[in-house]
Amino acid sequence: MAAKHAQQKPSARLYCAGCVVLPPAFYDRDTLRVARDLLGTLLVRQSREGLTSGRIVEVEAYLHENDPACHAARGCTRSNRAMFGPPGRAYVYPIHSRYCLNAVTRERGTASAVLIRAVEPLDGIELMRRRRQRQTQRQLTLRELVRGPARLCEAFAVDRRLDHWDLTRGQRLWIGREATAGWRDEEIGQSGRIGVTAAADLPLRFFVISSPYVSGSRRSRPA
DNA sequence: CTGAGGATAGTCT
DNA sequence: GACTATCCTCAGA
């Protein structure tokens with residue numbers, strides 16, 4: 001159990017080194033399936049500042065059909081256009097002067113996506129800390145670096161410029177699969193989505209029960 | 001640990 | 001002008 005979470009000890013070898021970039025076909029499936037399967041994959045960001053990576057431990061599905069909480073529910077606008085594009089692209093949405101990162105999927109040919117809410121920090125922790133530390137005086141704990149969709153984007157330097165970015169090319173920003181096995185279904189929790197007012201009861205949030213990096217209160221997790 | 005309140009800026013009506 | 005898929009701080013248990 002605990003062994004599935006990486007130790008903080010710095011390693012000479014990169015965690016994301018053996019990763020295989022997820023192909024377009026991965027995203028071109030039922031959105032719930034993609035959301036579940038994204039748990040345990042690695043989010044990787046390569047920029048001029050350096051490389052950061054983290055294991056995805058919490059996601060939310062946003063479906064085009066019968067989901068009023070989905071940004072695509074009211075049709076295509078300038079800001080949500082990426083969701084109407086091909087699967088495997090990034091949809092970066094600005095909110096409250098911060099950003100959220102989604103992976104676009106295909107839900108029977110309509111616009112849908114998976115919001116990445118939290119990761120377990122792996123590579124480039126000091127770089128994440130530098131980016132996140134800019135506002136705060138206090139020393140941030142490891143879990144505070146990436147717990148929550150907007151904190152995660154700040155730690156990974158994801159902003160509007162990466163909207164529409166192709167996540168399947170293995171450059172700048174991508175998601176990869178490790179050789180090691182992921183979590184079993186019993187280790188995955190499901191709940192309503194956080195922060196949404198519409199359709200808040202739909203169980204479209206998936207998270208790793210044992211992970212300390214999952215956002216939201218403990219109450220949103222089963223005992 | 002939890003919940004409440006305010007900051008903040010881009011987007012749409 | 002009114003939202004919002006958030007975060008931070010602070011008070012209280």
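In what follows, every heavy atom counts, from backbone to side chain, and hydrogens, waters and symmetry copies are set aside. Residue numbering restarts at 1 for every chain, and letters A, B, ... go by the order of the sequence lines.
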Legend entry - Distance, rounded to the nearest Å, where A:Tyr91 contributes OH and C:dT4 contributes C1': 11 Å

Inset, instruction - Please determine if A:Glu154 and A:Arg131 form a salt bridge, counting it only when a charged side-chain N lies under 4.0 Å from a carboxylate O. - result: no

Inset, instruction - May I have the distance from A:Leu202 (atom CG) to C:dA5 (atom P), rounded to whole angstrom? - result: 14 Å

Inset, instruction - Could you tell me whether a side-chain N or O of A:Asn102 sits under 3.5 Å from a main-chain N or O of A:Tyr91, the two making a donor and an acceptor? - result: yes

Inset, instruction - Would you indicate, yes or no, if C:dC8 has its OP1 or OP2 atom less than 4.0 angstrom from a side-chain nitrogen or oxygen of A:Arg151? - result: yes

Legend entry - Partner of A:Glu120 under side-chain hydrogen bond (donor to acceptor under 3.5 Å, both in side chains), chosen from A:Arg147, A:Arg55, A:Arg143: A:Arg55

I'd like a list of close polar pairs between nucleotides 8-11 of chain B and the protein, N/O only, cut-off under 3.5 Å.
residue: B:dT11; atom: OP1; partner: A:Arg160; partner atom: NH1; Å: 2.4
residue: B:dT11; atom: O3'; partner: A:Ser79; partner atom: OG; Å: 3.4

Inset, instruction - Can you sort out the partners of A:Arg129 under salt bridge (charged side-chain N to carboxylate O under 4.0 Å, His left out), two or more places apart, ordered by chain and number? - result: A:Glu126

Inset, instruction - For A:Ala69, answer base if it contacts any base atom (sugar-phosphate contacts may also be present), sugar-phosphate if it contacts only those atoms, and nothing otherwise; contact means non-hydrogen atoms under 4.0 Å. - result: base

Inset, instruction - Return the set of residues passing salt bridge (charged side-chain N to carboxylate O under 4.0 Å, His left out) with A:Asp37 (not counting sequence neighbours), or none when no residue passes. - result: A:Arg29, A:Arg33

Legend entry - A:Arg45 side chain to A:Thr52 side chain, donor-acceptor N/O pair below 3.5 angstrom: no

Inset, instruction - Grab the CD-C1' distance between A:Glu144 and C:dC8 for me, whole Å please. - result: 10 Å

Inset, instruction - Could you state the atom-to-atom distance from CZ of A:Arg147 to P of C:dC8 in whole Å? - result: 11 Å

Legend entry - Any donor-acceptor N/O pair, A:Glu60 side chain to A:Ile194 backbone, under 3.5 Å: yes

Inset, instruction - For C:dC8, take OP1 and OP2 only and decide whether either is under 4.0 Å from a side-chain N or O of A:Arg132. - result: yes

Inset, instruction - Check whether any side-chain N or O of A:Asp159 sits under 3.5 Å from a backbone N or O of A:Cys153 as a donor-acceptor pair, and report yes or no. - result: no

Show me the protein contacts with nucleotides 10-13 of chain C, counting only N or O atoms at under 3.5 Å.
none

Legend entry - A:His71 NE2 to B:dC12 P, straight-line distance once rounded to whole Å: 11 Å

Inset, instruction - Let me have DNA chain C in dot-bracket notation, would you? Count Watson-Crick plus G-U wobble pairs, both distances under 3.5 Å, and use [ ] for pairs crossing earlier ones and | for inter-strand partners. - result: ||||.|||||||.

Legend entry - Separation of atom CD1 in A:Ile194 from atom C1' in C:dT4, rounded to whole Å: 16 Å

Inset, instruction - Please name all residues satisfying salt bridge (charged side-chain N to carboxylate O under 4.0 Å, His left out) with A:Arg36, sequence neighbours left out, ordered by chain then number. - result: A:Asp185

Legend entry - Length of the line joining A:Leu101:CG and C:dT6:C1', which is rounded to integer Å: 15 Å

Legend entry - A:Arg132 (side chain) donor-acceptor with A:Leu145 (main chain) under 3.5 angstrom: yes

Inset, instruction - Answer yes when A:Glu144 and A:Arg151 have at least one side-chain N-carboxylate O distance shorter than 4.0 Å, and no when they do not. - result: no

Legend entry - Interatomic distance where CZ belongs to A:Arg98 and P belongs to B:dA7 [whole Å]: 14 Å

